[in-house]
Amino acid sequence: MTDTVEGVDLPYDEEASRQEKIEALRERLDALESQNEEMRDRLLDANAENNKYQQKLERLTHENKKLKQSPLFVATVQELTDEGVVIKQHGNNQEALTEVTDEMREDLEPDDRVAVNNSLSVVKRLENETDVRARVMQVDHSPEVNYEDIGGLDEQMTEVRETVEMPLKNPEMFDDVGIQPPSGVLLHGPPGTGKTMLAKAVANQTDATFIKMAGSELVHKFIGEGAKLVRDLFEVARENEPAVLFVDEIDAIASKRTDSKTSGDAEVQRTMMQLLSEMDGFDERGDIRIIAATNRFDMLDSAILRPGRFDRLIEVPKPDEEGRELIFQIHTRDMQTAEDVDYAELAEMATDASGADIKAICTEAGMFAIRDDRTEIRMGDFREAWEKIQDTDTDAEAGDAVAFA
Ligand code: ATP
């Protein structure tokens, strides 16, 4: 009986449960469809967002490229405000409010030096000022060059001593006579002839600090930096009195004015003006003597040669034969030379060599002896060394010719 009842009821129950299943499946399908819809919407949104980022990336890449290309100016961060960063430009001292990215902002503090572009946007933070100073200035409290280390420049040495050494050692002499000591000495002549040596020797002789800076370093840094570096240079000199300030390659900042009005030129002008004004205010500066050097005398602006500035111009030429002989003797002082080494013959051989060339010949001759397992250097080593140096010079000149072609 039970069986029969169950047998009759079964199709009804089956139908009901199938209906339920279908219902459930439909509901699931609906849910999935709406989920799908939602996902599609989100995908569209994400695509749109992606496009936006792509465009931003392109814009930033472009901007980045532009920023890297244009010249940069140096400024100091004054203040970080909600509206942006207040910066003060070097050179013209103008203040400006500029926006920065959040990452850059985290990196900045008041008094930081930054590089800004033409539109005064901060491009990057610069390293510490003392590092820049250390990189471009060479401060030597006791340079180890003596007058005896310099060959063939007796006249020049006397002039440098008169103009630099005497005012430092006996300032009262100038007071007694009632004249101002010359403020600056300009050494001019070909490379490697001993200009730096002369400046170092005079600093050594007067127990003065030797401070060297190259003109090219002053102007090839960030724009706006040159004039400040000149101020720093004199400040360092004042802190280290007595001091001999040696400005090498002065032509880089004191060339004849050109007609072009590029910002680079303006920068060079500003740097030179700063140098001139520091030199004009020289009398109050105390025990600081300034020696400048150049290989390009013909290029110099006459402003720098006016009386009261570099009023002693001293030519430092390549050595003559007698000078070359002396320089050979100086540079072989600590070498073991053989009996056959004839300095007069070496001087005659190395026509047109500068002091630096002669030093190179001596070092190279020593290398030939070492290669031959000898400690004694013979005349033959010097001859070979001279050949080699000449070849190197000719190769370098040929290289220059190719580069200019
Ligand atoms: P530059 O114009 O290239 O700066 P410079 O005229 O200042 O050159 P120095 O740096 O003084 O030349 O010389 C370079 C080296 O050459 C010296 O360290 C020294 O070894 C040698 N030298 C040059 N001239 C002389 C010289 N008159 N007597 C002895 N050595 C010299």
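Counting starts at 1 for both ligands and their atoms, in listed order.
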S.K.: Any ion pair linking R383 and E345 (charged N to carboxylate O, less than 4.0 Å)?
M.R.: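 Yes.
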
S.K.: Does the side chain of N204 come under 3.5 Å of the side chain of N146 through a donor N or O and an acceptor N or O?
M.R.: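 Short answer, yes.
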
S.K.: Enumerate the protein residues lying less than 4.0 Å from ligand 1, judged by heavy-atom distances, in chain and residue-number order.
M.R.: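 For ligand 1, the contacting residues are D149, I150, G151, L153, P191, G192, T193, G194, K195, T196, M197, D248, N295, I327, H331, G355, A356, K359.
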
S.K.: Could you walk me through whether Q274 and E278 pass side-chain hydrogen bond (donor to acceptor under 3.5 Å, both in side chains), step by step?
M.R.: CA-CA 6 Å; Q274 186 63 41; E278 292 282 354; 3.2 Å; yes

S.K.: For residues 358-382, which side-chain donor-acceptor pairs fall under 3.5 Å, sequence neighbours excluded?
M.R.:
unit_1 : atom_1 : unit_2 : atom_2 : d
T363   : OG1    : K359   : O      : 2.9
E364   : OE2    : K388   : NZ     : 3.2
D372   : OD2    : R374   : NE     : 3.0
D372   : OD2    : R374   : NH2    : 3.0
R374   : NH1    : E376   : O      : 3.0
R374   : NH1    : D381   : OD2    : 2.9
R374   : NH2    : D381   : OD1    : 3.1
D381   : OD2    : R378   : N      : 2.8

S.K.: Are K228 and D232 close enough for a salt bridge, meaning some N to O gap below 4.0 Å?
M.R.: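 A salt bridge links K228 with D232.
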
S.K.: Among side-chain atoms of T206 and E165, is any donor-acceptor pair under 3.5 angstrom?
M.R.: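 The answer is no; no qualifying pair exists.
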
